[in-house]
Protein chains: 2
Amino acid sequence: MRPLFHPAIEDVPPEAILHALSDPRRAAIFARITKAGCVEACSSLSSVGDQVIPKSSLSSHFKVLREAGLIRCERHGVEMRNHSRCAEVEARFPGLLSAIMNAYAARAS
Amino acid sequence: MRPLFHPAIEDVPPEAILHALSDPRRAAIFARITKAGCVEACSSLSSVGDQVIPKSSLSSHFKVLREAGLIRCERHGVEMRNHSRCAEVEARFPGLLSAIMNAYAARAS
DNA sequence: TCGGTAGTTCCGAAATCCCGAACTATGGGA
DNA sequence: TCCCATAGTTCGGGATTTCGGAACTACCGA
């Protein structure tokens with residue numbers, strides 16, 4: 001399989017990031033990847049909270065996050081490893097990601 | 001005309017704010033209202049940048065911003081005054097709005 | 001080579017967005 | 001009071017986006 005497309009962080013417009021994280025399930029997926037540093041396999045997070053996500057939907061969520069410059073995906077054998085690009089995003093848009101993730105965390109409580 | 005519906009800021013979920021501001025035109029409208037403190041009339045910002053926005057679209061953009069708790073709209077005579085609720089949003093989701101507006105400002109440069 | 005697991009693509013249904021046209025609301029004359 | 005002009009909302013339909021099941025591809029181990 002060809003290497004997946006990842007935009008340079010300078011090419012990512014702010015609206016792409018906001019759009020990607022304006023879906024609570026995508027935001028939850030991103031939070032798990034960021035917290036874990038690296039999540040192996042989509043299937044390991046095939047459910048968010050108590051909600052099951054069909055794998056075709058999951059695949060498109062990963063694509064949105066990837067194209068928004070939020071994660072980097074590499075195939076390792078049969079499974080995928082997803083890394084958060086939060087350091088790059090932080091460098092380009094300081095404070096953005098932490099504010100968004102804090103906002104979601106605030107609602108949860 | 002009945003007073004418009006404005007949600008309590010505690011009832012606004014973070015995804016509503018992110019969704020509202022994930023459209024660059026809405027973000028630009030919100031930026032102008034926030035900067036000006038109070039913008040009179042939708043028609044005074046019927047164009048964003050060099051882009052003309054039809055008034056039906058403008059009306060729905062205002063509705064989205066209003067229902068996301070970002071602005072407060074009051075009719076004064078025949079025209080509308082729009083106030084930013086950024087202080088309330090800041091109290092609930094600290095740093096969120098400034099990070100988002102900075103992100104858009106960073107792209108513009 | 002075969003079988004199983006991991007993800008992607010395809011495609012039709014559902015939801016959402018967009019904007020012109022018609023409508024409603026308000027205030028200012030005459 | 002009636003009529004007009006201005007400001008904004010609602011309606012309707014076409015275009016775009018999202019969703020998810022089914023079929024497909026990629027990779028590994030046996």
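Heavy atoms only: backbone and side chains are in, while hydrogens, waters and symmetry mates are out. Throughout, a chain's letter reflects where its sequence line sits, starting with A, and its residues are numbered from 1. Keep in mind that this is a model prediction, so the values were computed, not measured.
Each of A:G77 and A:H19 has a nearest nucleotide on DNA chain D; the 5'-most of these lies closest to A:H19. Closest-nucleotide positions on DNA chain D for A:H76 and B:S57 were compared, and the one nearer the 5' end corresponds to B:S57. Summary of the strand contacts: B:H61 and B:K55 both lie near DNA chain C, and taking for each the nucleotide with the nearest heavy atom, the more 5' one is attributed to B:H61.
Taking atom CD on A:E79 and atom P on D:dC28, their separation rounds to 11 Å, with Å as the unit. At whole-Å resolution of the value, CG in B:N82 and C1' in D:dT9 are 14 Å apart. In this structure, the CG atom of A:L65 is 13 Å from the P atom of D:dT18, given to the nearest Å. As a whole-Å value, the separation of A:R26 CZ from D:dT17 P is 13 Å. When rounded to the nearest whole Å, the span between CD1 of A:I53 and C1' of D:dT18 equals 14 Å. Taking atom CZ of A:F62 as the reference point, atom P of D:dT18 lies 17 Å away to the nearest angstrom. Rounded to whole angstrom, the span from the CD atom of A:E74 across to the P atom of C:dT8 amounts to 14 Å. Across the protein-nucleic acid pair, A:L58 atom CG and D:dA22 atom P stand 18 Å apart, rounded to whole Å.
The shortest distance between the side-chain N/O atoms of B:R75 and the OP1/OP2 oxygens of D:dT9 is not below 4.0 Å.
Summarising the geometry, atom CG belonging to A:L21 is positioned 8.0 Å from atom CZ belonging to A:R26; distances are rounded to the nearest 0.5 Å. Distance check: A:I100 CD1 to B:I100 CD1 gives 5.5 Å after rounding to the nearest 0.5 Å.
For the pair B:I71 and B:C73, the minimum side-chain heavy-atom distance is below 4.5 Å.
With distances taken from any side-chain atom of B:V78 to the nucleotides D:dT6, C:dG4, D:dT9, the minimum falls on D:dT6. Side-chain proximity of A:S56 to the nucleotides D:dA22, C:dC19, C:dC18 is greatest for D:dA22. Listed nucleotides: C:dG7, D:dC19, D:dG20. Nearest to the side chain of A:D23: D:dC19. Of the listed nucleotides (D:dT9, C:dG7, C:dC18), D:dT9 has the atom at the smallest distance from the side chain of B:M80.
B:R81 comes within contact range of no nucleotide atom at all, as no heavy-atom separation falls under 4.0 Å.
Contact check on A:R72 versus A:E88 returns a salt bridge, with a Lys/Arg side-chain nitrogen under 4.0 Å from an Asp/Glu carboxylate oxygen.
Side-chain atoms of B:S59 and base atoms of D:dG8 include no donor and acceptor less than 3.5 Å apart.
When atom types are taken as modelled, the side chain of B:E74 and the backbone of B:N82 share no donor-acceptor pair closer than 3.5 angstrom.
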